[in-house]
There are 4 protein chains.
Amino acid sequence: MSKKQDIMAATLDLIHEEGLQSVTFSKIFKKANVGSGTIYNYFSNKEEIVNAVYKEARMHMGEHLLQGYDPFASLYERFKCLQLNRLTFGILYPKEFLFIDNFSFSPYISPELRNMDDLHNSREVILSLIVEGQKQGIIKEMDSHLCHQLIHGIISSILKGYYVEKYPLNETQIQQILEASWKSILV
Amino acid sequence: MSKKQDIMAATLDLIHEEGLQSVTFSKIFKKANVGSGTIYNYFSNKEEIVNAVYKEARMHMGEHLLQGYDPFASLYERFKCLQLNRLTFGILYPKEFLFIDNFSFSPYISPELRNMDDLHNSREVILSLIVEGQKQGIIKEMDSHLCHQLIHGIISSILKGYYVEKYPLNETQIQQILEASWKSILV
Amino acid sequence: MSKKQDIMAATLDLIHEEGLQSVTFSKIFKKANVGSGTIYNYFSNKEEIVNAVYKEARMHMGEHLLQGYDPFASLYERFKCLQLNRLTFGILYPKEFLFIDNFSFSPYISPELRNMDDLHNSREVILSLIVEGQKQGIIKEMDSHLCHQLIHGIISSILKGYYVEKYPLNETQIQQILEASWKSILV
Amino acid sequence: MSKKQDIMAATLDLIHEEGLQSVTFSKIFKKANVGSGTIYNYFSNKEEIVNAVYKEARMHMGEHLLQGYDPFASLYERFKCLQLNRLTFGILYPKEFLFIDNFSFSPYISPELRNMDDLHNSREVILSLIVEGQKQGIIKEMDSHLCHQLIHGIISSILKGYYVEKYPLNETQIQQILEASWKSILV
DNA sequence: TATGAATGAGGGTTCATTCAT
DNA sequence: TATGAATGAACCCTCATTCAT
């Protein structure tokens, strides 16, 4: 692994373990096993590291969200695929997921970065799926961004409860969540 | 207003404006118009201030959640009341709401504090409402904490989108959200 | 002595002993016997300290230059007074003198500071003395600033040689220098 | 041009532009277009570069000072030649001149280097010229080093005023300066 | 109780120097 | 010889905390 990746991985770990506000350079150096000056060959300050980590996490998530997505499957199947992918990503990569979730609405992340396009533009896929469902009279008429936020928010919230071990997430629960989010937006 | 309250209000403002990681004592002093030593008459360090602000915000929210709650109304009415109260609190007090939401699952807040009882124990009210609905066969059988997190998460997520002005929240949207969250947990 | 004065005195000493380029904050703190943060109660960065020291040294010199100056004395007497005062200042306060001399033409000092008015505006006194002498046909016609620089430069140069102990400066030498600088600008 | 010369030229430029205290290796590397390690093939640290630049500038100046010097010309002619050469050097090579002038009396330059013999030993030429003039009763009796410093100082000072554009230096001014410096040391 | 000058540990960052290529 | 990524000591500066007033 390259030094740059070492630094980013260490930063993500630290944010997850202690929170952004207590991430210091010396902690990053120690965790990444690099000299203190090395970081400045790759980043010009701390904010740049955090932004880079955020960007990478978003790219990583963007990839996952469309895994196994079949554009010709039924509306319901496609919906379930997207929601399951998001949930699975959160289960597999809690550090990335929490970091994205926490900082997407924080003043630390620049608005440009917050609104960056995901890889393969997964947001557009979801939004057009919603619009398609509304045209077919399956999904309730409402602001598509509101609808998107709604189903997205269910997954986020469920994952956060899971992370603090409020409940397990096995096959049963996962099915319940997917159904719940589907039902919430039906007419 | 007392000095202590000045300090807490300034802290909450700063967290909202710049994020916890960039809140410093000198910023708090300036915003609260107190001398730098004054704080130590009330708090022994920064974490204590943040915890106190968190606690107060939770108390404040706890009050709101049960406003106008009628234990003898129908299940649906009671559900809507609780959800609407949460949504309204978020609309009226964005700083408090966001602070609670961001730090409830952050390592900065101690687990004891995270699990503190709300004023009037609003959490218990919601959980028992869920259990009651499940017994009556209205609400789908699932882990009650999962169910709680689900309907709670919808409100949180919707509010965050509203804060960054993804969409407006007027009467129409609010009704859609309440319905969506209700439908999501029906059998 | 106040902390601020301690810091400025230590800075001047260090500049004299090691040169500006090797003056560091930690050296200043140690020499001035103050905590490392104390400086920021008085100055916002290192350049500000150096500028303040420069300004103070200029003020100090400005005072000396006009000591015992009698505006009604003869042209020659007035000239000798000014030149002697400059020379005496350099002998009594080598640190101030050298610092002013070295940095008056260095990029480190801002042009505004370099062109600051001395206390009592000693520069104007000298320039008008030159012009007066030229009108009377005693001093040779030439650009008054050139003439000023000429007599000023003799003193500076002589002092620098004295500082590195090229020669002593007692009564005999001093009289030779005053005469030399006077003769250099006669018609 | 060789890499070594590139490095020295870049160093001199930077000293002139920003002052010694802000010359860093990375600035030298960039300006000289060499890799950061290359310097260590020629110099073992920064002081060595500065000393080398100083030495070279002194050599360069030493050459100029005796240009067109005729040992059989009259005392006055020889004096004027030496003074004019110094002045001309300063006009043609301001960077070298200022660097020499600033650092000749600074703690940064070692005393051995400060007292180095110029090429062709121009200092001895001037000193013996002074002694000769004193023996002939033309030049005033005084310490020969003091006298040397006096006429040298006039040129230095005049040049510094010229560099900051206090006045022009054309034929008229130059003649005035040569005369002034000559008159200053006559009996 | 309220203050703010003083503090120094530790923050982010720079920079001379090394060394594998 | 020439390079530049890597290094860590030392830099400037911030900031939570203390204490005399």
Side-chain angles (χ1 to χ4, degrees), chain A residues 2-4 6-7 11 21-30 32-50, chain B residues 2-4 6-7 11 21-30 32-50, chain C residues 2-4 6-7 21-30 32-50, chain D residues 2-4 6-7 11 14 21-30 32-50:
Chain A
S2 78
K3 296 273 169 187
K4 186 174 182 176
D6 287 345
I7 291 165
T11 304
Q21 81 290 338
S22 70
V23 172
T24 66
F25 271 38
S26 72
K27 286 175 184 169
I28 295 176
F29 302 145
K30 274 164 203 156
N33 264 315
V34 298
S36 66
T38 304
I39 218 163
Y40 294 95
N41 294 328
Y42 303 107
F43 306 98
S44 53
N45 54 52
K46 196 162 83 168
E47 195 173 354
E48 227 178 60
I49 307 177
V50 175
Chain B
S2 77
K3 297 272 172 189
K4 185 173 183 178
D6 287 345
I7 291 164
T11 304
Q21 81 289 336
S22 72
V23 173
T24 66
F25 270 41
S26 75
K27 286 177 185 170
I28 295 175
F29 303 146
K30 275 166 203 153
N33 266 314
V34 299
S36 65
T38 305
I39 216 162
Y40 293 95
N41 294 325
Y42 303 108
F43 306 98
S44 55
N45 55 50
K46 195 162 83 171
E47 197 172 353
E48 230 176 54
I49 307 176
V50 174
Chain C
S2 79
K3 297 272 172 190
K4 186 174 183 178
D6 287 346
I7 291 164
Q21 80 291 334
S22 69
V23 172
T24 67
F25 271 38
S26 72
K27 285 175 187 171
I28 295 177
F29 303 145
K30 276 165 203 154
N33 264 314
V34 298
S36 66
T38 303
I39 217 162
Y40 294 95
N41 294 329
Y42 303 106
F43 306 97
S44 54
N45 56 50
K46 195 163 80 169
E47 195 173 353
E48 229 178 57
I49 308 176
V50 175
Chain D
S2 78
K3 296 272 172 190
K4 185 173 181 176
D6 287 346
I7 291 165
T11 304
L14 284 166
Q21 81 290 337
S22 72
V23 173
T24 65
F25 271 41
S26 76
K27 286 178 185 170
I28 295 175
F29 302 146
K30 275 167 202 151
N33 265 313
V34 298
S36 65
T38 304
I39 215 162
Y40 293 94
N41 294 326
Y42 303 108
F43 306 98
S44 55
N45 56 50
K46 195 163 81 171
E47 196 174 352
E48 231 176 54
I49 307 177
V50 174

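Per chain, numbering begins at 1; letters A, B, ... match sequence-line order.
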Identify the two heavy atoms, one from [X] and one from [Y], that lie closest to each other, and give their separation to 0.1 Å.
X	Y	answer
D:V23	D:K46	O-NZ, 2.8 Å
C:F25	C:I49	CZ-CD1, 4.2 Å
A:E48	A:Y42	OE1-O, 4.2 Å

Derivation and outcome, side chain to side chain contact (heavy atoms under 4.5 Å, CB included), residues A:F43 and A:K4
CA-CA 9 Å; A:F43 306 98; A:K4 186 174 182 176; 3.9 Å; yes
Rounded to the Å, how far apart are [X] [atom1] and [N] [atom2]?
X	N	atom1	atom2	result
D:N41	E:dC19	CG	C1'	12 Å
B:I39	F:dC19	CD1	P	17 Å
B:E48	F:dA16	CD	P	15 Å
B:Q21	F:dT14	CD	P	17 Å
A:K30	F:dG8	NZ	P	12 Å
B:D6	E:dT1	CG	C1'	14 Å
B:K4	E:dT1	NZ	C1'	14 Å
B:E47	F:dA16	CD	C1'	14 Å

Using the side chain to side chain contact (heavy atoms under 4.5 Å, CB included) rule, take D:I28 and D:L14 through it: C-alpha gap first, then chi angles, then the decisive distance, then the call.
CA-CA 8 Å; D:I28 295 175; D:L14 284 166; 3.8 Å; yes
At under 4.0 Å, does any side-chain N or O of A:Y42 touch on OP1 or OP2 of F:dA5?
no
Distance check: side-chain N/O of B:K3 vs OP1/OP2 of E:dT3, anything under 4.0 Å?
yes
What nitrogen or oxygen pairs link the protein and nucleotides 9-12 of chain F at under 3.5 Å?
unit_1 : atom_1 : unit_2 : atom_2 : d
F:dA9  : N6     : A:S36  : OG     : 2.8
F:dC12 : OP1    : C:K46  : NZ     : 2.8
F:dC12 : OP2    : C:F25  : N      : 2.7

Residue closer to the 5' end of DNA chain E, B:V34 versus C:G35 (nearest nucleotide)
B:V34
Contacts of B:N33 and A:F29 projected onto DNA chain E by closest heavy atom; the upstream (5') one is B:N33
For DNA chain E, list all stems, counting runs of three or more consecutive pairs where every pair is Watson-Crick or G-U wobble with both distances under 3.5 Å.
E:2-21 with F:2-21
Please examine the side chains of C:D6 and C:N33, heavy atoms only from C-beta on, and report whether any two atoms are closer than 4.5 Å.
no
Candidate nucleotides E:dT3, F:dT3, E:dA6, ranked by approach to the side chain of C:T38 - the nearest
E:dA6
Classify the nucleic acid contact of C:F43 as base, sugar-phosphate or nothing, counting any heavy atom under 4.0 Å across all strands shown.
nothing
